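Okay, structure first, notes after.
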Protein chains: 2
Amino acid sequence: MDRTEILKALAHPLRVEFLEWMKEPERHFCNQAHPLEMGICANQFEKRCGLSQSTVSAHLSTLEKAGLLTTSRVGQWAFYRRDEENIAAFLKELGSTL
Amino acid sequence: MDRTEILKALAHPLRVEFLEWMKEPERHFCNQAHPLEMGICANQFEKRCGLSQSTVSAHLSTLEKAGLLTTSRVGQWAFYRRDEENIAAFLKELGSTL
DNA sequence: TCTACATATCGAATAATGCCGATATTAGAT
DNA sequence: ATCTAATATCGGCATTATTCGATATGTAGA
């Protein structure tokens with residue numbers, strides 16, 4: 001929604017990677033215990049990037065607050081999905097204003 | 001050239017504004033002493049945003065290092081231009097990877 | 001050459017980010 | 001109720017970003 005907040009969220013390469021990984025879940029998260037249709041489980045990002053749990057949680061939170069991801073809690077897990085609508089809207093807006 | 005560097009450059013709202021202003025020079029820099037075809041003189045940004053000369057110079061430098069602007073010095077002045085090729089290439093790449 | 005002007009760079013202060021380990025929160029299982 | 005597991009939040013520290021004034025550099029004109 002807020003262009004500046006989105007651009008700040010994208011200013012960290014790891015967060016951009018998260019979004020890229022999520023474009024091809026079957027490729028990058030094939031070892032997930034839960035079905036990929038539920039979204040990507042937070043712990044998957046930890047395993048994949050090697051940073052601490054709290055750091056990864058903060059990055060995911062940044063992406064969510066920017067509107068690029070949505071969260072849904074199922075049991076003790078947090079599943080994240082790309083918000084394709086907002087992503088597309090942002091790209092469109094950036095393309096026209098930049 | 002480097003996507004991360006460009007995204008970092010765009011993470012500051014003022015720098016995005018600089019790029020936007022430069023899309024319509026006749027609208028935002030109509031009081032420039034030099035012809036707009038030469039580019040936008042560095043001091044124009046100062047006047048328009050109210051920040052100090054050194055700060056504005058640093059912002060312009062950031063945009064230039066990221067490849068979003070080009071500089072040309074004419075006499076004692078520095079003229080900046082949008083690098084439309086790089087901007088378009090970045091937008092295209094971002095659209096396909098994001 | 002000396003002076004004035006435009007811009008870049010330096011040094012320092014403050015704010016914001018990124019990272020971690022530790023703790024809190026919440027859910028599921030025993 | 002207790003224990004375990006997953007995630008979020010907190011406190012602290014290191015790094016980076018932002019801003020300024022002061023200084024350096026480089027150009028133009030008297």
Side-chain angles (χ1 to χ4, degrees), chain A residues 2-19 21-22 29 31-36 38-66 68-81, chain B residues 2-19 21-22 29 31-36 38-66 68-81:
Chain A
D2 178 20
R3 191 183 58 189
T4 299
E5 196 176 1
I6 295 180
L7 285 168
K8 280 190 189 175
L10 297 177
H12 195 297
L14 184 65
R15 289 193 291 259
V16 176
E17 268 194 299
F18 279 14
L19 290 170
W21 292 345
M22 295 174 86
F29 303 106
N31 58 331
Q32 174 168 288
H34 315 271
L36 292 172
M38 303 179 69
I40 309 301
C41 195
N43 61 37
Q44 290 290 305
F45 296 96
E46 267 173 73
K47 289 177 191 162
R48 205 151 200 313
C49 76
L51 293 181
S52 76
Q53 182 267 325
S54 58
T55 299
V56 170
S57 178
H59 281 308
L60 290 170
S61 171
T62 300
L63 286 167
E64 195 211 341
K65 286 200 188 86
L68 298 168
L69 296 184
T70 60
T71 330
S72 58
R73 293 207 69 140
V74 178
Q76 64 228 101
W77 295 283
F79 292 94
Y80 288 89
R81 263 178 244 277
Chain B
D2 177 21
R3 190 184 57 188
T4 298
E5 196 177 358
I6 294 180
L7 285 167
K8 280 189 187 175
L10 297 178
H12 195 299
L14 184 65
R15 291 193 289 259
V16 176
E17 269 194 299
F18 280 14
L19 290 169
W21 293 345
M22 294 172 87
F29 304 106
N31 58 330
Q32 174 169 287
H34 315 270
L36 293 172
M38 305 179 68
I40 308 300
C41 195
N43 61 37
Q44 290 290 305
F45 297 96
E46 267 173 71
K47 291 177 190 160
R48 204 152 199 314
C49 76
L51 293 181
S52 76
Q53 183 267 324
S54 59
T55 299
V56 170
S57 179
H59 282 306
L60 290 169
S61 172
T62 299
L63 287 168
E64 195 211 339
K65 287 199 188 87
L68 298 169
L69 295 184
T70 60
T71 330
S72 59
R73 293 207 66 140
V74 178
Q76 65 228 100
W77 295 283
F79 292 93
Y80 288 89
R81 261 179 247 275

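Residue numbering restarts at 1 for every chain, and letters A, B, ... go by the order of the sequence lines. Keep in mind it's a predicted model, so treat the numbers as computed, not measured.
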Any side-chain heavy-atom pair from H34(A) and V74(A) closer than 4.5 angstrom? no
Would a 4.5 Å heavy-atom cut-off, applied to side chains only, mark L68(B) and F18(B) as touching? no
Could you check how far [atom1] of [X] sits from [atom2] of [N], rounded to whole Å?
X	N	atom1	atom2	result
L69(B)	dA8(C)	CG	P	12 Å
L63(B)	dA17(D)	CG	P	14 Å
E64(A)	dT7(D)	CD	C1'	12 Å
E17(A)	dG18(C)	CD	C1'	16 Å
R15(A)	dC19(C)	CZ	C1'	12 Å
L7(A)	dA17(D)	CG	P	16 Å
E5(A)	dA16(C)	CD	P	14 Å
L60(A)	dG18(C)	CG	P	13 Å

Taking 4.0 Å as the cut-off, does a side-chain nitrogen or oxygen of [X] come that near to OP1 or OP2 on [N]?
X	N	result
R73(A)	dA6(D)	no
H59(B)	dA17(D)	no
H12(A)	dA17(D)	no
T55(A)	dG18(C)	no
Y80(B)	dA8(C)	yes

Donor-acceptor pairs under 3.5 angstrom involving side-chain atoms of residues 44-51 of chain A: please list them, not counting sequence neighbours.
residue	atom	partner	partner atom	Å
R48(A)	NE	H28(A)	O	3.1

For H59(A) and L14(A): C-alpha separation, side-chain torsions, deciding distance, then whether side chain to side chain contact (heavy atoms under 4.5 Å, CB included) applies. CA-CA 8 Å; H59(A) 281 308; L14(A) 184 65; 3.7 Å; yes
Identify, between S57(B) and K8(A), the residue whose nearest nucleotide on DNA chain C lies closer to the 5' end. S57(B)
So, S61(A) and K65(A): side-chain donor and acceptor under 3.5 Å apart, yes or no? yes
Is it true that S57(B) and S54(B) share a donor-acceptor pair across their side chains at a distance under 3.5 Å? no
Of the nucleotides dT7(C), dT9(D), dT19(D), which one has an atom closest to the side chain of C41(B)? dT7(C)
Would you mind telling me which of dC19(C), dC5(C), dT18(D) lies closest to the side-chain atoms of Q76(B)? dC5(C)
Distance-only, no hydrogens or angles: does the R81(A) side chain make a donor-acceptor pair with backbone N or O of M38(A) under 3.5 Å? yes
Taking atom types as they are modelled, is there a donor-acceptor pair under 3.5 Å from the base of dG21(C) to the side chain of S54(A)? yes
Checking only heavy atoms, does the side chain of Q53(B) share a donor-acceptor pair with the base of dA8(C) at less than 3.5 Å? yes
Note: contacts of residues 42-49 of chain B with DNA chain C (heavy atom, under 4.0 Å) are A42(B), N43(B)
When we call it a touch if two heavy atoms are under 4.0 Å apart, what does F79(A) touch: a base, just sugar-phosphate, or nothing? nothing
For R3(A) and V16(B), run side chain to side chain contact (heavy atoms under 4.5 Å, CB included): C-alpha distance rounded to whole Å, both residues' side-chain angles, the deciding distance at 0.1 Å, then the answer. CA-CA 10 Å; R3(A) 191 183 58 189; V16(B) 176; 3.9 Å; yes
